[in-house]
Amino acid sequence: MSDNVVRLHKTPEPPAGETSAPVTTLTVVSDQPAAAQVPLWVRSGRAVKRVATDERTTATVRAVARHGMYTFNGGRIVARRAWDGRTGSRYERMLRAAEAAGNHELAEEWEERLQRFRDARHRRRMDLLTSPVDVAKGAAVATGMSIGTLVALGVVMAINTKDVTDVITPLSAVIEFIGLLITIVQVVWPYAISLGPLFTLLALWSVGRKQQAAPNWALPANVRNGEGEPITPSIVVKALRDLGIPALRNAIKDMGDAGAGMLGPIRIAGCGVEVDVTLPSGVATNEVQGRRRKLAENLTRHEHEVFITIPPAARTVRLWIADSGALDEPIGPSPLVTDETLTADYTKGKAPWGQDLRGDAAALSLYQRHLLITGLSNQGKTAALRALALWLALDRSVEFRIADLKGAGDWAMFDGLATVLIQGPTDEHVIEATEMVEDAVEEMNRRLQAPPGTAFPPLIVLVDEAQVAFMCPLKDEDKRPYGGSKATSRYFMAVRKIHNQGRAVNVLMWQGTQDPTDQNLPKLVREGAHTRAALALGTESQARMALGDKAVDGGAAPNLLRPGLDKGQVVVASDGIAIPAGQASINVRTHYIDTEQATEIADRAKTLRDGVTTLHVIERGEERDPLADIAAVLGNAPRLRTQDVLKRLANLNEDAYGKWTFIDLKRVLDGTGAEPYKSDGVMTVSRERLARALTNRNTEGSASASE
C-alpha cells in the first residue's frame, strides 16, 4: 500500500478574454499523520543498551573482571598456602579425603603424619620460652667476639704503622658501614612503602592468572570454549563433581581440594591423556559410564573425545580424554599401500589394520579366528573387512572363497585370486553362497577325517552382506529354507558347523553384516566368532549383539560413534589384538584402502601364486534321480540287501552316492511305498515295490502336467 495519496486537480476554464491553456496541478496528500517524536528517555535507554552490549564494552568488562579476580583469588590462594604451611589443615583434608574414599589404611597414615606435625609444632612453641635468653646470650657473645676481632686487627695495623690510633680503625670502618646502610634504608624506604604494595599485587595477580582463578564468563574465549585447555587434576575433579551423582558430589565436597586424591597420575596417551579414577564408597562405575556425554562436556570435550573403560582395580574407571579435534584428523595410509615389499604370514603375522586412539599401530592376528564385523550402512564395513583379506592374500598358502551379496564390485579385484567369487544381491546369488559355504563344510569334514598330524592350508570362507543370506525366503526342493535361524535353515546350519569345528583344520568363517538384529544376525552365529568388530551402530542393544555383553559392560560403545564422522573406526573385541590390561575392547581407526589401491595389492598377491581359476557359479554334477538309480542297480533281482544297494549305487556314481549311508537310502525311499523291510533278519529293498513307486510317481506327474 502506498504511504501517500496522489490527487489530480484541473483548474477551471479561464475567464473570457484570456487565452491561457488550462493548468493541471498535482497535490500530494499524506494519508498518515507525522510520526510522533521518540521520547528522550527511550532514546537514552537505547543508546545505553547499544553501548552496554557492544563487543568492545563486553570485552573490556571481561578483562577488568578477569584481572581483578586474578588478584583477589591469587591473594586467597597465597593465604591458603600460608595457612596450610602453618597449620595441620592440609593433613586434615587428606585424612577426610581418605575416609570419604573408604581407604582406611591411607587415613591412618595421614592421621599419623598429622600427629607428628602437631608434636613438632608443640616442641617449637616450647622452645620459644627459652629462646629469648639463648638469643640474648648468643648476641652478646657474637658482639664481644666481633669487637675483640676488630680490636685485634687494629693492634696488628698499629704495630705495622707504628701509629696507636690505628687500633680503632677497623672498628670505625664497621661503624661507618653501618651508618651507610642506615642512610641507604632512609633513602629507599619511602619508595619501598609506595612500590611494595604494587609489587605485592602483581605477585598475587601472577598467582591467580597461572591458576585461571576467575569466573568462567570472564576468562578469555579460547579458555572459555575449551580450545587447547590442558587436562589437570582440578579440571577432572570438577568434571566428576558436576556429574549429578549425589554420593560422588558429597564425597568430593568432604575431600575439599584433596579431591585429586581420587586420581592416579595423568599420563600422555597418544593424541590425548589417560587417568585412573578411584571412586569413593557408594559410587558405582556404571553410574559414571552412563554419564559419558555430561562428563565430556564438563571436560570441554565432545562426547566422542572421551572414553570410559573399567580397569582391573575395584571401584575404578579409566578415562581417556582426547586433545580437542585430534580424532577428526585423518590417519596415514596403510602399509599395504606404502610398502610394496610387504608380505603376510597367516600363522605368526598380524594384519596392519590401523591405529588405536593413542596413535599406536593396531595389528590383528587372523590365525584360526572366525571373524564378524558389523555396523550401519555406509560406515566403511566392507573396506575394513577387505583390508584384512588383502593382507592375508599376500600369503600364497591361503585360499579364499568369497560371496559378495551386495554385488557392487567391491570384491572384483579377487577375481583370479579367490577360487570362488560370487557377486550379486539376488536370491539366486544367496543359493550360490549357501552352496559355497556347504562345500566348505564338506571340505572341513574331509580334513577332520584325515590322519592325525595332517597339515592343512588355511581356507577363508568370506560372506559380505551376510544379512541378505539370513533373510532369504526361498526354500529348496526338500522344503528347507535357505535363510532363517532354525535347525532346518541351510545357510545358518552351514555357518554353525564351520564355527563349531572349522578352526581345528584352518577352515575359517568371515562375515560382514549391517544393522544387526536377531533376525538378520542370529545369536548362535554372532557368538561363534572369535574376533568381533563393530563400526557405528544405532543402539546399545545392537552394540551388545555385535560385541557381546562383556565388551559393552566393559566400556565398548560403538553406538556412541558418530555415523559418517567416525567412518572406518571400529570397536574390536578379540584376543588377536593388543588390548590394554583390564579392558574388554579397543577402538581402532582403520586405514582406508580405495578400490584402485586394493586392485594393485591384489595384483601383487596374484604374482605370488601360479594362477587361480575363479568359479563364479558353483558347479554341480548332473542331476541324479535316486529312485530310478536304485531301480537300475536292483536289475532283475526280486529284492536286494540294503548294503548291496549302497555298494552298487557307489559303483554307479561315486560322486553322487559314494558317501551314502543307510540313513540316506531310507530318506529317499520313505513315503514312496518302497521302504526297506526285513527279510530273513536282513534289511532289503523290493524290486516290485520300487517299480510300483516309480509308476505312481510318473502317473502323478503326468496328471499334474495335464492340469
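Along the sequence shown, the residues carry numbers beginning at 1. Owing to the predicted nature of the structure, the values given are computational and were not obtained by experimental measurement.
Taking all atoms of both residues into account, the shortest heavy-atom contact from Ala387 to Ile593 is CB-CD1, 4.1 Å. Pairing each heavy atom of Pro563 with each of Leu376, the nearest pair is CG-CD1, 4.3 Å. The two atoms that bring Ile577 and Ala363 nearest to each other are CG1-O, 3.3 Å, heavy atoms only. Contact detail for Arg318 and Pro311: the closest heavy-atom pair is NH2-CB, 3.5 Å. Pairing each heavy atom of Ile331 with each of Gly354, the nearest pair is CD1-CA, 4.5 Å. Here the closest non-hydrogen pair linking Leu547 and Ala556 is CD1-CB, 3.8 Å.
From Thr590, atom OG1 reaches atom CG of Leu535 across 7.0 Å, with rounding to the nearest 0.5 Å. Atoms OG1 and CE, from Thr316 and Met262 in turn, are 11.0 Å apart once rounded to the nearest 0.5 Å. Considering CG of Leu129 and CG of Asp134, their distance stands at 11.0 Å, rounded to 0.5 Å. Atom CD1 in Ile252 sits 7.5 Å away from atom CZ in Arg241 (nearest 0.5 Å). How far CG of Asn286 is from CD1 of Ile308: 11.0 Å, rounded to the nearest 0.5 Å. Distance CD1/Ile182 to CD1/Ile178: 7.0 Å, rounded to 0.5 Å.
Within the cation-pi definition used here (under 6.0 Å to the ring centroid, within 45° of the axis), Arg292 qualifies as a partner of Phe307. Geometrically, Arg80 does not engage Trp83 in a cation-pi contact defined by less than 6.0 Å to the ring centre and at most 45° from the axis.
Put simply, the side chain of His302 never gets that close to the backbone of Ala296: no donor and acceptor are under 3.5 Å apart. Using modelled atom types, no side-chain atom of Thr183 and backbone atom of Leu181 make a donor-acceptor pair closer than 3.5 Å. When atom types are taken as modelled, the side chain of Ser206 and the backbone of Leu202 share no donor-acceptor pair closer than 3.5 angstrom. In this structure, Arg532 contributes its side chain and Met545 its backbone to a donor-acceptor pair below 3.5 Å. With Gln542 contributing its side chain and Gly538 its backbone, the two residues share a donor-acceptor pair below 3.5 Å. Arg291 contributes a side-chain N or O that, together with a main-chain N or O of Glu287, makes up a donor-acceptor pair within less than 3.5 Å. For the pair Gln355 (side chain) and Ala362 (backbone), a donor-acceptor distance under 3.5 Å is absent. Between the side chain of Trp320 and the backbone N or O of Ala269, at least one donor-acceptor pair lies under 3.5 Å. Checking side-chain atoms of Thr285 against main-chain N and O of Val317 turns up no donor-acceptor pair under 3.5 Å. Not one N or O on the side chain of Asp339 forms a donor-acceptor pair closer than 3.5 Å with the backbone of Pro335.
Other residues, nucleotides and ligands place no more than 12 heavy atoms under 6.0 Å from the CZ atom of Arg209. In the displayed structure, Gln289 atom CD is contacted under 6.0 Å by more than 12 heavy atoms of other residues, nucleotides or ligands. Atom CZ of Arg267 sits in a crowded spot, with more than 12 heavy atoms from other residues, nucleotides or ligands closer than 6.0 Å. In the displayed structure, Arg124 atom CZ is contacted under 6.0 Å by more than 12 heavy atoms of other residues, nucleotides or ligands. Dense packing is recorded around NE2 of His67, with more than 12 heavy atoms of other residues, nucleotides or ligands lying under 6.0 Å away.
Considering only heavy atoms from C-beta on, Leu195 comes within 4.5 Å of Leu198 through its side chain. You'll find the side chain of Glu109 stays beyond 4.5 Å of the side chain of Glu112, heavy atoms only. Between Val236 and Leu240, the closest side-chain pair of non-hydrogen atoms falls below 4.5 Å. Residues Pro233 and Val275 are not in side-chain contact: their nearest non-hydrogen atoms beyond the backbone lie 4.5 Å or more apart. Between Leu279 and Val277 the shortest side-chain heavy-atom distance falls below 4.5 Å. At a threshold of 4.5 Å between non-hydrogen side-chain atoms, the residues Val155 and Val167 count as touching. Residues Val571 and Leu561 have side chains in contact (heavy-atom distance under 4.5 Å, counting atoms from C-beta outward).
By the 4.0 Å N-to-carboxylate-O rule, Asp242 lies too far from Lys294 to be salt-bridged with it.
Sorted by first and then second residue, the pairs that involve residues 564-581 and meet side-chain hydrogen bond (donor to acceptor under 3.5 Å, both in side chains), not counting sequence neighbours, are Arg369-Asp575, Thr531-Ser574, Arg562-Asp566, Gln569-Asn587.
Every side chain to side chain contact (heavy atoms under 4.5 Å, CB included) that Asp119 has, sequence neighbours left out, goes to Gln115, Arg123.
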- Task: Evaluate the criterion side-chain contact (heavy atoms from CB on, under 4.5 Å) for residue pair Arg544 and Asp553; output intermediate values, then yes/no.
- Result: CA-CA 9 Å; Arg544 293 184 181 276; Asp553 291 339; 3.0 Å; yes
